[in-house]
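What follows is a single structure, written as structure tokens, with notes after it.
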Amino acid sequence: MILLHPTYFLSIASSAAIVQNEVCWEVHDNYQKQTYRNRTKICTDRGLHVLSIPIVHVGNTQGRQLYKEVRIDNSYNWQRQHWRTLETAYRTSPFFEYYEDDIRTMYDSQYEYLLEYNLKTIETICDLLQVEMPSSKSEEFQLATKNTKDYRSLVDAKKKFNIKYAPYNQVFGDRHNFIPNQSILDLIFNIGPEATKYLKQLKIDFTNV
């Protein structure tokens, strides 16, 4: 079993970890900025683009806040903005229309908590990949894991991992060449039902995470 952070429309590396392992979700950690907890990467006609979910920041007197207590800032319609960006980026992809209705549901309703929303996006993706949604959750935060492999570092948006990604056709590949480890949305919109097979074949293990 591996320990993994729930993130916003998982990266391809994190998606592969789910497909290849039993997963326990880390739900007792502190929220940290500059991670995939509230962001995901896609490619537009201008290149790599980050979709970021706005959150309600606590005051300095409160210090750190737990990830499970982080609220989404729904004071403006970020969901409409994200969906429009996805439409623009992937409308011409081979499988956008096939998955469009399923993905759009995640942008039609507001959620209060970031963790809840992220888990729902993962559940949506698991349904599309036809894999079981992991249900196990951590009971407390542990700096060092005992009975699970620690894949929590995959949440770091800036960290580089020694993972070789097989190239696949991307919408703007002719302009920007192949860009690896984007959101799982990039993979399913571009290769459709072959996405699960791609994730199963991706070599990712404890030694390179």
Side-chain angles (χ1 to χ4, degrees), residues 1-42 50-75 78-79 82 106-107 109-127 129 131-163 180-185 199 202 204-209:
M1 179 172 284
I2 66 171
L3 191 61
L4 188 69
H5 287 292
T7 58
Y8 176 36
F9 277 124
L10 296 162
S11 68
I12 290 175
S14 291
S15 299
I18 290 176
V19 169
Q20 297 177 22
N21 301 273
E22 291 186 30
V23 173
C24 177
W25 297 120
E26 174 62 86
V27 295
H28 288 282
D29 58 314
N30 286 323
Y31 177 79
Q32 295 179 10
K33 300 177 182 178
Q34 305 298 317
T35 68
Y36 290 122
R37 288 176 180 85
N38 72 320
R39 60 180 58 195
T40 194
K41 295 187 299 185
I42 65 170
V50 176
L51 295 173
S52 181
I53 300 174
I55 66 167
V56 177
H57 294 279
V58 297
N60 292 332
T61 56
Q62 293 179 261
R64 292 180 178 271
Q65 60 177 328
L66 295 174
Y67 180 17
K68 64 182 179 180
E69 296 177 353
V70 173
R71 287 179 166 83
I72 297 175
D73 183 358
N74 290 309
S75 61
W78 64 271
Q79 289 173 292
H82 283 205
M106 293 310 307
Y107 297 99
S109 301
Q110 289 188 350
Y111 287 75
E112 182 176 3
Y113 291 97
L114 178 64
L115 178 59
E116 176 191 11
Y117 182 73
N118 286 345
L119 286 170
K120 192 63 179 178
T121 67
I122 297 168
E123 181 181 343
T124 299
I125 292 299
C126 285
D127 286 343
L129 295 175
V131 298
E132 185 175 352
M133 170 67 181
S135 59
S136 178
K137 297 178 181 178
S138 61
E139 297 181 354
E140 61 180 357
F141 179 78
Q142 295 180 344
L143 187 61
T145 60
K146 296 180 180 179
N147 300 317
T148 57
K149 293 182 178 180
D150 193 349
Y151 276 40
R152 291 177 293 184
S153 59
L154 286 174
V155 77
D156 191 336
K158 294 184 177 181
K159 190 171 183 179
K160 303 295 183 182
F161 300 97
N162 184 26
I163 302 173
N181 201 31
Q182 296 184 52
S183 167
I184 184 61
L185 295 175
L199 295 172
L202 188 63
I204 174 173
D205 57 49
F206 179 66
T207 59
N208 59 24
V209 173

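Remember, it's a predicted structure, so these values are computed and weren't measured experimentally.
- Side-chain atoms of Thr40 and Val50, non-hydrogen and from C-beta on, never get closer than 4.5 Å to each other.
- With hydrogens and angles ignored, the 3.5 Å screen pairs no side-chain donor or acceptor of Gln182 with any backbone N or O of Ile184.
- Residues satisfying the side chain to side chain donor-acceptor pair (under 3.5 Å) test with Ser75, not counting sequence neighbours, are Asp73.
- Put simply, the side chain of Thr7 never gets that close to the backbone of Val155: no donor and acceptor are under 3.5 Å apart.
- Every residue two or more places apart in sequence or in another chain was checked for a side chain to side chain donor-acceptor pair (under 3.5 Å) with Thr148, and none qualifies.
- Other residues, nucleotides and ligands contribute only 12 or fewer heavy atoms inside 6.0 Å of the CD atom of Glu132.
- Here CD1 of Ile55 is found 9.5 Å from CD1 of Ile72. Values are rounded to the nearest 0.5 Å.
- Considering only heavy atoms from C-beta on, Lys137 comes within 4.5 Å of Leu119 through its side chain.
- Annotation: side chain of Ile125 is in contact with side chain of Leu185 (closest heavy-atom distance under 4.5 Å).
- With sequence neighbours left out, the ring-ring contact (aromatic ring centres under 6.0 Å, His included) criterion links Trp78 to His82, Tyr117.
- Residues satisfying the ring-ring contact (aromatic ring centres under 6.0 Å, His included) criterion with Tyr31, sequence neighbours excluded, are absent altogether.
- The CD1 atom of Ile2 lies 12.5 Å from the CD atom of Glu26; values are rounded to the nearest 0.5 Å.
- The distance from atom NE2 of His5 to atom OG of Ser138, rounded to the nearest 0.5 Å, is 9.0 Å.
- Checked against side-chain contact (heavy atoms from CB on, under 4.5 Å), Ala13 has the following partners two or more places apart in sequence or in another chain: Ser11, Leu154, Ile163, Tyr165, Asn181, Ile204.
- The distance from atom CG of Leu3 to atom NZ of Lys149, rounded to the nearest 0.5 Å, is 13.5 Å.
- Taking Gln32 as the reference, Thr35, Arg37, Arg64 meet the side-chain contact (heavy atoms from CB on, under 4.5 Å) condition, with sequence neighbours excluded.
- The CG atom of Leu66 sits 10.5 Å away from the CZ atom of Phe141 when rounded to the nearest 0.5 Å.
- Taking the side chain as every heavy atom from C-beta outward, Ile122 and Trp25 approach each other to under 4.5 Å.
- Gln34 has its side chain within reach of Arg39: a pair of non-hydrogen atoms, C-beta onward, lies under 4.5 Å apart.
- The side-chain heavy atoms of Val23 and Ser136, taken from C-beta on, include no pair separated by under 4.5 Å.
- Using a 4.5 Å heavy-atom cutoff, the side chains of Ser14 and Ile18 are not in contact.
- Gln20 pairs by the side chain to side chain donor-acceptor pair (under 3.5 Å) definition with nothing, not counting sequence neighbours.
- Atom CG in Leu114 sits 10.0 Å away from atom OH in Tyr8 (nearest 0.5 Å).
- Annotation: side chain of Asn38 is not in contact with side chain of Val70 (no heavy-atom distance under 4.5 Å).
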Might you work through the side chain to side chain contact (heavy atoms under 4.5 Å, CB included) test for Asn118 and Ile53, ending with a clear yes or no? CA-CA 10 Å; Asn118 286 345; Ile53 300 174; 4.3 Å; yes
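- With sequence neighbours left out, Tyr113 forms a ring-ring contact (aromatic ring centres under 6.0 Å, His included) with no residue at all.
- Between Tyr107 and Gln79, the shortest heavy-atom distance links the atoms CD2-O, 3.5 Å.
- Side chain of Tyr67 to backbone of Pro6: a donor-acceptor contact under 3.5 angstrom is found.
- With sequence neighbours excluded, the residues satisfying side-chain contact (heavy atoms from CB on, under 4.5 Å) with Glu123 are Lys120, Asp127, Met133.
- Qualifying salt bridge (Lys or Arg N to Asp or Glu O under 4.0 Å) partners for Glu112, counting only residues two or more places apart in sequence or in other chains: Arg71.
- Shown here are the side-chain contact (heavy atoms from CB on, under 4.5 Å) partners of Glu139, two or more places apart in sequence or in another chain: there are none.
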